[in-house]
Visitor: 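The structure that follows is given in the form of C-alpha cells.
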Amino acid sequence: MALRLLGRREHSALELSTKLRTRGGSGDDVEAVIARLAEAGLQSDERFAESFARARAERGYGPRRIVAELVQRGVERHAAAHAIEALEVDFCAIAEDFCRRRYRDAAPPEDVRERARRSQALYRRGFEAEHVRGLV
C-alpha cells in the first residue's frame with residue numbers, strides 16, 4: 001500500500017502515516033514501514049519538500065505560504081526553508097505575474113483601497129514585503 005502511494009507522488013512521513021492509518025494500519029506497524037522506506041531511500045521528507053515547493057511556486061505561491069504548508073504537512077521548518085532556497089526561483093517575478101494575471105493592468109493603482117486590497121492578496125499568497133512593495 002505504501003509503495004503504491006509513493007509511486008503516484010512524493011509524500012512526507014506524516015502524510016504517509018496518516019494515509020496508512022486511515023486505511024487500517026496500526027501505529028507501530030505504520031511507523032516501522034515508514035522507517036524501512038526511508039532507509040531504502042524510497043521516502044524522503046527533503047525530496048517531498050523540494051517537489052512540493054517547486055509545484056507551489058509554479059502555481060504562483062510565495063515563500064512564506066509554501067513554508068507554512070510544508071510545516072503543516074510534517075516537514076521540519078529548516079528543511080522547508082532549504083527547499084525554498086534550492087528552488088532558485090525569482091519570487092518577485094512570480095508575484096508580478098500573479099498581479100498581471102489577476103488584475104490585468106501593469107500600473108500600480110492610485111486608489112489607496114485598491115492598493116491595500118492588492119497588497120493583502122499578495123500577502124495571502126505568501127509573498128514577502130519586498131515582493132509586494134514594488135508592485136503596489
Side-chain angles (χ1 to χ4, degrees):
M1 173 68 73
L3 286 175
R4 198 168 356 140
L5 290 170
L6 288 172
R8 292 184 190 139
R9 70 168 178 89
E10 292 287 339
H11 286 76
S12 69
L14 179 65
E15 280 183 335
L16 197 55
S17 173
T18 302
K19 286 185 178 186
L20 291 174
R21 288 174 197 221
T22 59
R23 289 174 168 86
S26 67
D28 293 336
D29 293 340
V30 168
E31 298 307 320
V33 166
I34 293 173
R36 278 186 279 153
L37 289 170
E39 283 178 18
L42 298 173
Q43 190 280 323
S44 168
D45 279 352
E46 290 80 20
R47 213 172 40 233
F48 166 74
E50 289 173 5
S51 170
F52 185 85
R54 188 178 320 103
R56 295 305 264 176
E58 288 172 358
R59 293 188 66 195
Y61 288 96
R64 286 185 138 185
R65 173 122 179 221
I66 296 170
V67 168
E69 289 181 359
L70 283 169
V71 169
Q72 185 179 18
R73 285 168 170 76
V75 176
E76 294 180 14
R77 189 168 290 280
H78 75 278
H82 179 70
I84 295 293
E85 291 172 11
L87 280 179
E88 297 180 1
V89 171
D90 183 10
F91 284 106
C92 288
I94 293 173
E96 185 178 335
D97 183 52
F98 170 75
C99 281
R100 191 177 325 107
R101 284 185 292 116
R102 181 150 183 196
Y103 301 111
R104 300 214 191 334
D105 60 351
E110 297 296 323
D111 183 26
V112 174
R113 280 191 174 154
E114 180 63 21
R115 187 178 263 158
R117 191 172 74 81
R118 290 184 185 191
S119 295
Q120 290 168 0
L122 287 165
Y123 286 128
R124 278 192 305 273
R125 299 281 294 188
F127 292 103
E128 305 275 350
E130 65 191 40
H131 306 133
V132 175
R133 199 172 301 123
L135 297 172
V136 180

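Every heavy atom of this structure was used, including side-chain atoms; hydrogens, water molecules and symmetry mates were not.
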Visitor: Rounded to the nearest 0.5 Å, what separates atom CZ in Arg23 from atom OG1 in Thr18?
Guide: 11.0 Å
Visitor: If you define the side chain from C-beta out and look only at heavy atoms, does anything of Leu20 sit under 4.5 Å from Leu5?
Guide: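 Yes. Closest side-chain heavy atoms under 4.5 Å.
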Visitor: With a cut-off of under 6.0 Å to the ring centre and 45° to the axis, is Arg73 in cation-pi contact with Phe48?
Guide: no
Visitor: Check ring-ring contact (aromatic ring centres under 6.0 Å, His included) between Tyr61 and all other residues, then give those that pass, not counting sequence neighbours.
Guide: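 Tyr61: no ring-ring contact (aromatic ring centres under 6.0 Å, His included) contacts found.
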Visitor: Contact between Arg118 and Cys99 at the side-chain level, heavy atoms closer than 4.5 Å - yes or no?
Guide: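 In short, these two side chains do not touch, never coming nearer than 4.5 Å.
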Visitor: Going only through I, L, V, M, F, W and Y residues with side-chain contacts under 4.5 Å, is there a path from Val75 to Leu42?
Guide: no
Visitor: Output, in order, the C-alpha distance, side-chain angles, deciding distance and verdict of salt bridge (charged side-chain N to carboxylate O under 4.0 Å, His left out) for Arg54 and Glu58.
Guide: CA-CA 6 Å; Arg54 188 178 320 103; Glu58 288 172 358; 5.5 Å; no
Visitor: If you define the side chain from C-beta out and look only at heavy atoms, does anything of His131 sit under 4.5 Å from Leu122?
Guide: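 Side chain of His131 against side chain of Leu122, heavy atoms only: no contact under 4.5 Å found.
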Visitor: Let me confirm one number: the CG-NZ distance from Leu14 to Lys19, rounded to the nearest 0.5 Å.
Guide: 11.0 Å
Visitor: Supply the atom-to-atom distance Glu15 CD to Ile34 CD1, rounded to the nearest 0.5 angstrom.
Guide: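 Interatomic distance, Glu15 CD to Ile34 CD1, rounded to 0.5 Å: 10.5 Å.
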Visitor: Quick one about Ser17 and Arg21 (side-chain donor to acceptor, distance below 3.5 Å, no hydrogens or angles considered), yes or no?
Guide: yes
Visitor: Which atoms form the tightest heavy-atom contact between Phe127 and Phe91, and what is the distance?
Guide: CE2-O, 3.6 Å
Visitor: Salt bridge (charged side-chain N to carboxylate O under 4.0 Å, His left out) with Glu10: which residues, sequence neighbours excluded?
Guide: Arg47
Visitor: For His11 versus Gln43, what's the shortest heavy-atom pair and its separation?
Guide: O-NE2, 3.1 Å
Visitor: Got Pro109 and Arg117 here, is their nearest side-chain heavy-atom distance under 4.5 Å?
Guide: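 In short, these two side chains do not touch, never coming nearer than 4.5 Å.
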Visitor: Looking at Glu76, I want to see if its CD is surrounded by more than 12 non-hydrogen atoms of other residues, nucleotides or ligands under 6.0 Å.
Guide: no
Visitor: Looking only at heavy atoms, which two atoms of Arg64 and Glu128 are closest? And how far apart?
Guide: CG-OE2, 3.1 Å
Visitor: Quick check: closest heavy atoms across Ile94 and Ala57, and the distance to 0.1 Å?
Guide: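 Minimum heavy-atom contact is CD1-O, 3.6 Å.
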Visitor: Looking only at heavy atoms, what is the nearest atom pair of Ala53 and Ile84, with distance?
Guide: CB-CD1, 4.2 Å
Visitor: Are side-chain heavy atoms of Leu3 and Leu37 found at a separation under 4.5 Å?
Guide: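 Yes, side chains in contact.
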Visitor: Quick check: does any side chain N or O of Arg104 sit under 3.5 Å from a backbone N or O of Arg101, one acting as donor and the other as acceptor?
Guide: yes
Visitor: Would one find more than 12 heavy atoms of other residues, nucleotides or ligands at under 6.0 Å from atom CZ of Arg113?
Guide: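 Counting neighbours around CZ of Arg113, 12 or fewer heavy atoms of other residues, nucleotides or ligands fall under 6.0 Å, so no.
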Visitor: Using a 4.5 Å cut-off on heavy atoms from C-beta on, say whether the side chain of Leu135 contacts that of Tyr103.
Guide: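 No; the side chains remain at least 4.5 Å from each other.
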Visitor: What is the minimum heavy-atom distance between Leu70 and Ala49, and which atoms define it?
Guide: CD2-CA, 3.7 Å
Visitor: Could you state the interatomic distance from CD1 (Ile66) to CZ (Arg59), rounded to the nearest 0.5 Å?
Guide: 11.0 Å
Visitor: Return yes when atom CZ of Arg77 has more than 12 non-hydrogen atoms of other residues, nucleotides or ligands closer than 6.0 Å, and no otherwise.
Guide: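 Check fails, neighbour count at 12 or below.
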Visitor: With a 4.5 Å limit on heavy-atom distance, are the side chains of His82 and Glu46 in contact?
Guide: no
Visitor: For the CG atom on Asp28, are there more than 12 heavy atoms of other groups (residues, nucleotides or ligands in this structure) within a distance under 6.0 Å?
Guide: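 For Asp28, atom CG is not crowded (no more than 12 foreign heavy atoms under 6.0 Å).
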